[in-house]
Amino acid sequence: MEATAATPDSLESSSRLWSWITTTDHKRIGILYGATAFVFLLIGGLEAMLIRWQLMKPDNDFVSAETFNELFTMHGTTMIFLALMPLSAAFFNFIIPLQIGARDVAFPRLNAFSYWVFLLGGLFLNASFLFGAAPDAGWFGYANLTSIQYSPGVNIDFWAMGLQILGIASLAAAFNFIATIINMRAPGMKLMRMPVFTWMAFITQFIIVTAFPVITVALVFLMFDRMFGANFYNPNAGGDLLLWQHLFWLFGHPEVYILILPTMGMVSEILPTFSRKPLFGYPVIVYSGILIGTIGWGVWSHHMFASGMGAAADTYFGAASMLIAIPTGVKIFNWIATMWGGKIRFTTPMLFSIAFIMLFTIGGISGVMHASPPTDLQQTDTYFVVAHLHYVLFGGAFMGIFGAIYYWWPKVFGRLLNERLGKLHFWLAFIGLNVTFFPMHLIGMLGMPRRVYTYSAELGVGGMNLAATIGALTLGFSTLVLVYNIWHTAAKGEKAGKNPWGAATLEWAMSSPPPVYNFSVIPEVTSRLPLWTVGGMNEIPDVPPEPIHVPGGSYWPVLAALGLVGFFTGALMHSLWVALAAAAVLVVSVFKWAFEPFEM
Amino acid sequence: MSTAAIGHYTSTGQDTRKIAFWTFIGSECMLFGTLIATYLSYEGKSVVGPTPQEILNIPLTSVSTFVLLMSSLAMVLALAAVMRGDTRYSKVWLATTAVLGAVFLVFQAFEFTQFVDEGLKISTNLFGSTFFVLTGCHGLHVLVGVIWLATLLIMSARGKLGPEKAMNVEIAGLYWHFVDVVWIVIFTVVYLIQRGPAA
Amino acid sequence: MNLDRRSFRRANQLAVLASAALLLGLAGCQGPFPQSTFSATTELGEDLSGLFWMIFWWGVAVFAVVQVGLIYVMIRFRARPDQPDPAPIHGHTALEIAWTLAPAMIIVFIAVPTIQVIWKEAGTDTANALQVQVIGHQWWWEYRYPEYGIVTANDLHLPQGRPVELQLTSADVIHSFWLPRLAGKRDMILGRTNRLVFTPDSVGEFWGQCAEYCGTSHANMRFRAFVHTAADFDSWVAEQTSAPAAAETLNDLERRGLAAYREVRTPASNSCIACHAIQGISAGVLGPDLNHMGSRSTVAGGTLENTADNLAAWLRDPAAVKPGSLMPNTGLTESEIAGLVAYLHSLR
Amino acid sequence: MSQEVLEKPSAHPSARVYLSIAAILTAITVVEVAIFYIPAIRGTMVLAPVLLLLSAGKFALVVMFYMHLKPDSKLFTAIFTAPLVLAAAVILALMTLLGAWVY
């Protein structure tokens, strides 16, 4: 999806492709993240369609058991690591510097490195399909099914190393954004004057920085078990299989807050704009976000209530998991209060944000249902949990992200997406989502476990599975409506001025798409809603009074990324030479990068 | 924070790289924390093979702990020298830090080979797996530190490490001290407090 | 602007109607659900579903409050032409406290009964409970009754009225024993023994399935539980502990099957006796115990009814019935299959 | 983390301070190893808490003085101690859940 270039004056460079490969401009890296993540979203969606087609009727033989197991593993891994997180990262990259009044992120080349490691990691993971050895132990990959004894193929090596690479990309980006948000805010923008999207992104980065090391260690243990015969997950040597589950979910639950907090930030930007009213209870939303981030670290074992940890652990983790419903509930009430007394315009972003509130509430409630350990004994590992997670991740995260795509599209590309096509996309997605996932609550309670490639007719859930498949096809088609909308408005879309929606935050203070230096003069803010407050910020002239130095591109990040991923490829191939050669490329690139004159 | 003039406006008056690096150190705390948690959770659960009491060499590791402590001292003296623009002592102390780090690595390599000879490999038992991954990960960090210090030494030798570059040395110092602090925890938790049933 | 509101309201009603119809229509027209969590028949199962319905109705209440509030706000405060910009309200502390305490109260109402049920289930005494060791294998179930010295597979037989304690473990990867109508689920992990205690109250056949993804044929790892009256259970035990019929009493078809069973094939791991156990004939432990296999309700880990042609289809090509099955295709001839089916079904 | 204008640069301590700290660290290490070799304490339950306290002392000394955390802005203290506390909590939680407190 070759995006239309940003304003012509900002992107003069010899060849367009090379300028994209060596770009260090946070806006272009954001577009790259968004485009790549959207392609992976379509791949993940295709996997979902195949899964639903196989489960359409009992004892179906559309795909083999092995293929189905690869499909549901890759659907989970792709949607979480290759679609949802990078789509959030696309908005982090493009919008955060604009919202805090900065010219770019703190370390532009590190930002480029993060993107290229992400892209190569995604290709590395999906290359497994070419070798007919796609990962097939679930996105969670419980121990000792992933051991060399029970998964002798390279499937799990692709999966474990793919996640390691993607982990490095997320960590590198997280350090970058934390430094950017702390140190590059415009004068006058105290922390409590930052836009809510930047706040939620800030919390998300701290969760990434503390959660990803845990899964990195768990994956290192798995790789040492598989490649060097270590005993971390070997019960015969005294190892405990629950070590993997604890380490994975210690990362896994903060991970789901990494997935949802950015979207809560997006919705908190969209609702005030289309209600023409400031966000209700800004400090409460910020503190409840922080609370969600911290309590999120104390609840991981609610994924393990059936593993027999004992009554004391179940009691603590059950109570702590229920506790998280309170800050989430507070946010939902604050969003509704934002709309209360407002002047609500039902544009596409607004529709998606309202649907986010509705569907995330349903997901939150079905979540509380299995926060209680005894009820979880019936619900865990069934389609009830599949319904819960899709209501919070699709109904929640993706609806919010679709809203944000329609909301910030004019700022990124200079043209508005077509509203009528947008509403068609919304209604198809809203109906498709409910038709697909609401019956799954019932399918789960009626006895269908998760991750089964088929089920018997006597189970009695054939009809509802058929409905879910029809709903899934509607969802698939709705996403294609968005693709058509993008293609249709690429040339003919309505031109967007500086502030097409009349929003209040800094990113709407410059032209769309923004010039490469973002702000002709560094903005100075005196209010949380600079564009809505009289004297809220200084005047931003269209032409910079004195020339602004814009750092050029650099090819060392992409080379370093190639070196890093090459090293993992060498490890996968059990070839020391490939690994050493790639490591050499990485080391040389890092040194060249460190000593390259790069004036911020 | 007097080490480097700040080129352009920052919200907190601190150096952006230093903020990013302290975040990195926080993240590394979680990495080593998980490794140590696994070591302690699995301590005493090995079914077979040499136990910590039988195989750990306390005198040798006490000396290597002392070596790493002294390298931290050398590091701060190096930073002080770079800040005062004293090129001679910058080179002396940077070299001392790097050499002490290398000595620590030699001690560790010797310890590893000795363990393997005495029948403790990564695949032998739980103790072998957790011990080698924990101390190996720390050793890798020391190696990266030694390479980083060597680079600074070369920069200083070429006269490109004046007081205006002191922040580079301070950040290298943060990394080095952190690696030393992690070893302090490992030395106590793994070597001195040998929990679990004696062989 | 009008178009948006009208299309919005009509489409909204359509969505609500569609979801409601779907839910009611489909739920009603299905037959009985053998693995439904709604129809528990033990005290443990009733505790679990009691908690579920309690939380469910709290959920419906919260859902109603949020959706009604949302829909009211959308209709009441939608933008009217040339309406002045609304007053910029930033917050309201009393409201914030109110809707923090309200969810907190609901959480307390949910948490207290939850904790009671947790400790009640953990504390049930198992003094005279029937001990059954349940061992998960890649993709079938092994049961052992130490009290009676019985080893069987896939069909779990239990007496009515007597508490039973299942000692759950696994022989390979992690499985999860899920018997919705009697006991909920509990993971089966190599190196640990988990327990599940319940008292079957009503006689009948109850279906269960593995709930933790355990490899290629995770979907085919099913089992059935049979609750008998005390008398029927004792006769089942008697039947299971009886010695197999002597070789002479077999008719010649069954005898041919016994010969095929005993035959050492090439490679040796293809021979039945390498993996299976029949009293006095073979003592293999990798595959299910075949003593009294004829009296079992299903074949191939609970996926096929135990009829002659199902058993024949299974013997002919195990991987077709259970993909990835560890039972190799031993290339049996049709006559060997016919003999084996007759012989195995003779083991009542 | 309120916004401070360019913070007054606090001078880094003199070499003498660093040397004294190095001496203390060495002393503590010697004490730790010595305790390890005293049979009276070795087998008892008191060994672990004492050694943990001593190493915590060394940890604090290095972090506060060599890493200059004490005089530096509270921002760095916050960024470092939050994950540190979380890591300690993870260690205790995992040891509890995996049943490591058995003696």
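FYI, side chains are in, hydrogens and waters are out, and symmetry mates aren't considered; it's all heavy atoms of this structure.
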**Request:** Test side-chain contact (heavy atoms from CB on, under 4.5 Å) on B:Y175 and B:I171 and set out the steps.
**Result:** CA-CA 6 Å; B:Y175 177 83; B:I171 288 177; 5.9 Å; no
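- Between B:F21 and B:F24, the ring centre distance stays below 6.0 Å.
- In this structure, the portion of B:M70 lying under 4.5 Å from any heavy atom of chain D is its side chain and not its backbone.
- Within the 4.5 angstrom heavy-atom criterion, only side-chain atoms of D:L47, from C-beta onward, approach chain B.
- Using a 4.5 Å cut-off between heavy atoms, D:F36 contacts chain B through its side chain alone, with no backbone atom that close.
- Just one of D:L25, D:T29, D:T26 meets the side-chain contact (heavy atoms from CB on, under 4.5 Å) condition when paired with B:F66; it is D:T26.
- Of the two parts of D:F65, neither the backbone nor the side chain holds a non-hydrogen atom closer than 4.5 Å to a non-hydrogen atom of chain B.
- Top candidate by heavy-atom pairs under 4.5 Å with chain B, chosen from D:L69, D:V30, D:L61, is D:L69.
- No donor-acceptor pair closer than 3.5 Å links the side chain of B:S27 to the backbone N or O of B:T23.
- Here the CD1 atom belonging to B:I19 is positioned 7.0 Å from the OG1 atom belonging to B:T10, to the nearest 0.5 angstrom.
- Contacts from residues 181-189 of chain B to chain D, taken as heavy-atom pairs separated by less than 4.5 Å, involve B:V181, B:I184, B:V185, B:F187, B:T188, B:V189 in sequence order.
- Note that CD1 of D:I91 and OG1 of B:T34 are 8.0 Å apart. Values are rounded to the nearest 0.5 Å.
- For a heavy-atom cut-off of 4.5 Å, chain D lies close to no residue in residues 124-144 of chain B.
- Considering CG of B:L94 and CD1 of B:I154, their distance stands at 11.0 Å, rounded to 0.5 Å.
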**Message:** Would D:E32 and D:S55 count as a side-chain contact (heavy atoms from CB on, under 4.5 Å) here? Give the steps.
**Reply:** CA-CA 8 Å; D:E32 278 182 330; D:S55 64; 3.4 Å; yes
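- Note that CD1 of B:I25 and CD1 of D:I79 are 10.5 Å apart. Values are rounded to the nearest 0.5 Å.
- The CE atom of B:M75 sits 9.0 Å away from atom CH2 of B:W176, with the distance rounded to the nearest 0.5 Å.
- Looking only at side-chain heavy atoms (C-beta outward), B:K18 and B:M167 come within less than 4.5 Å of each other.
- Residue D:I21: no heavy atom, backbone or side chain, is found under 4.5 Å from chain B.
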**Item:** side-chain contact (heavy atoms from CB on, under 4.5 Å) evaluation trace for D:Y18 with B:L79
**Value:** CA-CA 11 Å; D:Y18 289 145; B:L79 176 61; 5.6 Å; no
**Prompt:** Should B:L152 and B:K165 be marked as a side-chain contact (heavy atoms from CB on, under 4.5 Å) after you check the CA-CA gap, both sets of side-chain angles, and the distance that decides it?
**Reply:** CA-CA 10 Å; B:L152 289 174; B:K165 283 280 195 357; over 6 Å; no
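- The part of B:T65 that comes within reach of chain D is its side chain, from C-beta onward, which places non-hydrogen atoms under 4.5 angstrom from that chain.
- Chain D forms the most heavy-atom pairs under 4.5 Å with one residue out of B:I58, B:L174, B:L69, and that residue is B:I58.
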